[in-house]
2 protein chains.
Amino acid sequence: METVTENQEVRTAKKLEKMFGHIDFRNPPELCPVRDVMSVASDQWSTLIILWLGYFPVLRFNKLKKYVYGISNKVLSQRLKVLEADGYISRNAYAEVPIRVEYSLTEFGQSYVEKLLELTEWMQENSPKVLANREKYGLL
Amino acid sequence: METVTENQEVRTAKKLEKMFGHIDFRNPPELCPVRDVMSVASDQWSTLIILWLGYFPVLRFNKLKKYVYGISNKVLSQRLKVLEADGYISRNAYAEVPIRVEYSLTEFGQSYVEKLLELTEWMQENSPKVLANREKYGLL
DNA sequence: TTCATTTGGTTACTTTTTGTAACTTACTCT
DNA sequence: AGAGTAAGTTACAAAAAGTAACCAAATGAA
């Protein structure tokens with residue numbers, strides 16, 4: 001089992017240093033809002049919602065529910081509210097009957113989905129490794 | 001309120017198409033393991049653990065608990081087991097008294113932390129916007 | 001006229017996941 | 001003998017998530 005090389009360690013440490021300075025993750029959430037912001041945006045359901053809104057420019061409640069397989073009305077509606085409050089998505093309701101409500105990414109949400117796609121891409125490439133690791137670990 | 005431009009939409013859609021093809025997120029988790037793999041790795045506590053292990057090459061249980069502010073023994077121990085099973089971290093126990101257990105990233109974990117750092121960097125840059133959005137939304 | 005249908009949710013209730021804090025093991029130091 | 005230490009575990013309480021029934025308001029069908 002290889003340990004981390006000095007170079008790798010230093011490189012990563014410098015990056016983290018630059019990013020967090022003195023307000024690092026050791027602080028409680030009140031003093032480290034990044035933690036809170038991140039936990040909303042990278043929540044399992046939120047990421048799926050955002051990915052689907054990156055795929056289709058506009059989606060209505062029931063379409064979202066269909067694409068985000070397995071989500072409940074309750075959680076979908078909660079997450080949409082929070083994501084709207086945080087500025088990732090916008091909600092537009094039209095006074096038709098039955099009512100029509102359209103959700104879409106804001107520009108800010110667009111910029112986030114780009115990042116999220118990179119992470120997802122990594123996941124897509126590497127999930128076979130993870131599954132293989134799980135198998136191996138299961139045998140121990 | 002700007003809607004998404006055609007270009008942006010098409011670009012993102014192509015990326016998602018390339019990435020997921022027919023086994024997309026509409027499928028239940030059994031058929032879409034990426035969802036499951038991702039929900040483990042991007043869990044709030046897991047990301048903090050991994051970031052800290054990217055910062056320090058080796059950390060013992062109680063140090064991790066100190067850095068990952070607010071985590072409980074129970075959850076820390078659960079997450080460490082899962083992250084080990086998934087291949088991100090390795091656990092080395094030394095039969096001293098009291099026992100010494102060292103956690104560190106595997107090479108695979110190193111490659112993940114790089115991606116995670118990019119996302120975190122985006123969060124660090126953009127969390128002020130999110131906080132501002134929340135304020136604004138709160139007034140409505 | 002009465003009844004079923006539609007969308008975008010909400011509500012009450014159950015189950016699962018988290019958090020809290022006390023406890024454990026095994027050896028060493030006072 | 002009693003206290004301390006590291007790395008957890010365990011029992012119990014609180015919070016979050018899942019389930020499924022319900023709602024409003026108008027439209028179309030019987």
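Letters A, B, ... are given to chains in the order of the sequence lines, protein chains preceding strands, and every chain is numbered from 1.
In this structure, B:Arg91 places its CZ atom 11 Å from C1' of D:dA6, rounding to the nearest Å. Across the protein-nucleic acid pair, A:Leu80 atom CG and C:dT10 atom C1' stand 14 Å apart, rounded to whole Å. If you measure from atom CD1 of B:Ile99 to atom C1' of D:dG4, you get 17 Å, rounded to the nearest angstrom. Between the NZ atom of A:Lys74 and the P atom of D:dA16 there is a distance of 11 Å, rounded to whole Å. The distance between atom CG of B:Leu76 and atom C1' of D:dT9, rounded to the nearest whole Å, is 13 Å. Rounded to an integer number of Å, the gap from B:Gln44 CD to C:dT17 C1' is 13 Å. For B:Ile71 and D:dA7, the CD1 to P distance is 15 Å, given to the nearest whole Å. In this structure, A:Glu96 places its CD atom 22 Å from P of C:dT5, rounding to the nearest Å.
Between A:Tyr67 and A:Phe56, a ring centre-to-centre spacing shorter than 6.0 Å is recorded.
Side-chain proximity of B:Val97 to C:dC27, D:dA7, C:dG8: nearest is C:dC27. When distances are taken from the side chain of A:Asn62 to each of C:dT7, C:dG9, D:dA17, the shortest belongs to C:dT7. You'll find that the side chain of A:Asn73 is closest to C:dT10, out of C:dT10, D:dA6, C:dT7.
Between A:Glu84 and A:Lys81 there is no salt bridge, since no side-chain nitrogen of the basic residue lies less than 4.0 Å from a carboxylate oxygen of the acidic one.
OP1 or OP2 of D:dA17 sits under 4.0 Å from a side-chain N or O of A:Arg79. Close to C:dG8, at under 4.0 Å from its OP1 or OP2, lies a side-chain N or O of A:Arg60. When the side-chain nitrogen and oxygen atoms of A:Trp45 are compared with OP1 and OP2 of D:dG18, one or more of them lie within a distance under 4.0 Å.
Residue B:Lys81 is in sugar-phosphate contact alone, with no base atom involved, counting any heavy-atom pair closer than 4.0 Å across all strands shown. B:Ser72 comes within 4.0 angstrom of a base, heavy atoms only. A:Tyr94 comes within contact range of no nucleotide atom at all, as no heavy-atom separation falls under 4.0 Å.
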Determine, step by step, whether B:Arg134 and A:Asp36 satisfy the salt bridge (charged side-chain N to carboxylate O under 4.0 Å, His left out) criterion, reporting the C-alpha distance in whole Å, the side-chain angles of both residues, the deciding distance to 0.1 Å, and the verdict. CA-CA 12 Å; B:Arg134 282 185 193 173; A:Asp36 177 40; 2.6 Å; yes
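With the nearest nucleotide of DNA chain D identified for both B:Ser77 and A:Pro98, B:Ser77 has the one nearer the 5' end.
Between the side chains of A:Lys65 and A:Asn62, no donor N or O sits under 3.5 Å from an acceptor N or O.
Residue B:Leu64 comes nearest to B:Leu53 through the heavy atom pair CD2-CG, 4.4 Å, listed as atom of the first residue, atom of the second, then distance.
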